[in-house]
Amino acid sequence: MISIAILGHGVVGSGVAEVLLHNEKGITAKAGDKIRVTRILDLRSFPDLPYADLFTTNFDDILNDPDIRIVVETMGGLHPAYDFVKASLLAGKSVVTSNKELVAAKGDELLAIAKENNLNFLFEASVGGGIPILRPMDQCLAANEVFEVAGILNGTTNFMLTKMIREGMSFDGALALAQKLGYAERDPSADVEGHDACRKICILASLAFGKHVLPEEVHTEGITNLTEQDVAYAAACGGVIKLVGRATRTEDGHLFCYVAPMILPRDNLLADVNDVFNAIMVRGDSVGDVVFVGRGAGKLPTASAVVADVIDEVKHLKARKYLFWGPGEKGHVRDHRLAPTRLLLCFSCEEDAGALVQIGRMFGDVRMISIPDAPDNEVAFVTPCMPEYLLEEKIATFTGMTLTRRLRMY
Ligand code: HSE
């Protein structure tokens, strides 16, 4: 029998306990050993639960228990999760976590400690909830040179955008519904401002390209400013707005990495991923495009990925699994303004601005876009592809034209 402890009995932690209890027989068969939760750390008590006696408020009860071989961290946040995970690894316990904030900030350090101590540190649930993505990327796609990873990485915002696009719901109404259904983070600004997606693209980029990418290196825009007109303009371009996290490798081995609302063309493999679903597209030189789709949030989908990692760790208590990336490097992630970019731009124009002449002078022959009910003095077009800083320099030369909308095209 393998004893494990769970840190945090919130949405995911309670889901992990539930999955382990409900599926005990099958899990035992797959792990080759019985897995028993012997301790749960939480500041609250849960006297009505059948396993109420497992709770402790003292982490030392877990750290100092030599029988506990695996620690499952589902507390979320950086502290004390980081301190507890690091201490667990240093005490010779393998760790599973669903905590993307922790992995995005400290993944390289914790992976190195696990490696030095011949332990496992697995975190499949930290990206895409129940979608298998890290293990397939690391193992099944190992023969490829990956040159891009892009995804719809936040279920809450994808759910909200779907409601706004299909049902004309307001931003606030859609957010309230997402919170009611338990998709949003405790602080929903992490979802709607793009920070949650940023952490996930950091983890994907670190694994795909081998060096740690920190959230502060990733340009991040959220969906808080999106309006019905943005949705309409995306449709007029033949596309759909999604919050996308994207990491691309440059020819000289650096990265562009950002999170932003983007207009995806309708035939893009990510364009039809709706509701709370997440999708991650990996582009490899041999395999081409591969897309992983599934429920990216929610108690049981996320718990299922955590428990799968626990099973894997039980099977590899002696032989470490090789999931690893190294420390980051200054300059590895390039300034996003150097990335080749196409923008949909909208301007409100003064009557005698000569808008079309100015646009033609700066950008040549562009594709003009119009939506029903647009004000008469509004012009919109899609720019050619060039580094974003050059687009900005050109936009700054316009006179009598005020920029009112700026959306990235995928
Ligand atoms: N709030 C997150 C989301 C939960 O909506 O995707 C899973 O990370």
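As the structure is a computational prediction, the values presented were derived from the model and not from experiment. Both ligands and their constituent atoms are indexed starting at 1 by order of listing. All heavy atoms count here, side chains included; hydrogens, waters and symmetry mates do not.
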Below 3.5 Å, can you tabulate the donor-acceptor pairs from side chains in residues 292-303 to any protein atom, sequence neighbours excluded?
from: K299; atom 1: NZ; to: E18; atom 2: OE2; distance (Å): 3.1
from: T302; atom 1: OG1; to: G298; atom 2: O; distance (Å): 2.7

### Query
Are K100 and F123 in a cation-pi setup, meaning NZ or CZ lies under 6.0 angstrom from the ring centre and within 45 degrees of the ring axis?
no
Present, as a list of atom pairs with distances to 0.1 Å, all nitrogen or oxygen contacts under 3.5 Å between ligand 1 and the protein.
from: ligand 1; atom 1: 1 (N); to: Y183; atom 2: O; distance (Å): 2.9
from: ligand 1; atom 1: 1 (N); to: E185; atom 2: OE2; distance (Å): 2.7
from: ligand 1; atom 1: 1 (N); to: D191; atom 2: OD1; distance (Å): 2.8
from: ligand 1; atom 1: 5 (O); to: G155; atom 2: N; distance (Å): 3.3
from: ligand 1; atom 1: 5 (O); to: T156; atom 2: N; distance (Å): 2.8
from: ligand 1; atom 1: 5 (O); to: T156; atom 2: OG1; distance (Å): 2.5
from: ligand 1; atom 1: 5 (O); to: Y183; atom 2: O; distance (Å): 3.3
from: ligand 1; atom 1: 6 (O); to: G155; atom 2: N; distance (Å): 2.7
from: ligand 1; atom 1: 6 (O); to: K200; atom 2: NZ; distance (Å): 3.3
from: ligand 1; atom 1: 8 (O); to: K100; atom 2: NZ; distance (Å): 2.5
from: ligand 1; atom 1: 8 (O); to: K200; atom 2: NZ; distance (Å): 2.8

### Query
So which pairs with a foot in residues 260-269 pass salt bridge (Lys or Arg N to Asp or Glu O under 4.0 Å), sequence neighbours left out?
R266-D272
### N-O pairing of D312 and R135 below 4.0 Å
yes
### Message
Can you confirm whether more than 12 heavy atoms, excluding those of D53, are under 6.0 Å from its CG atom?
### Response
yes
Taking distance alone, no hydrogens or angles, what donor-acceptor pairs closer than 3.5 Å link side-chain atoms of residues 25-32 to residues at least two apart or in another chain?
from: T28; atom 1: OG1; to: E24; atom 2: O; distance (Å): 2.7

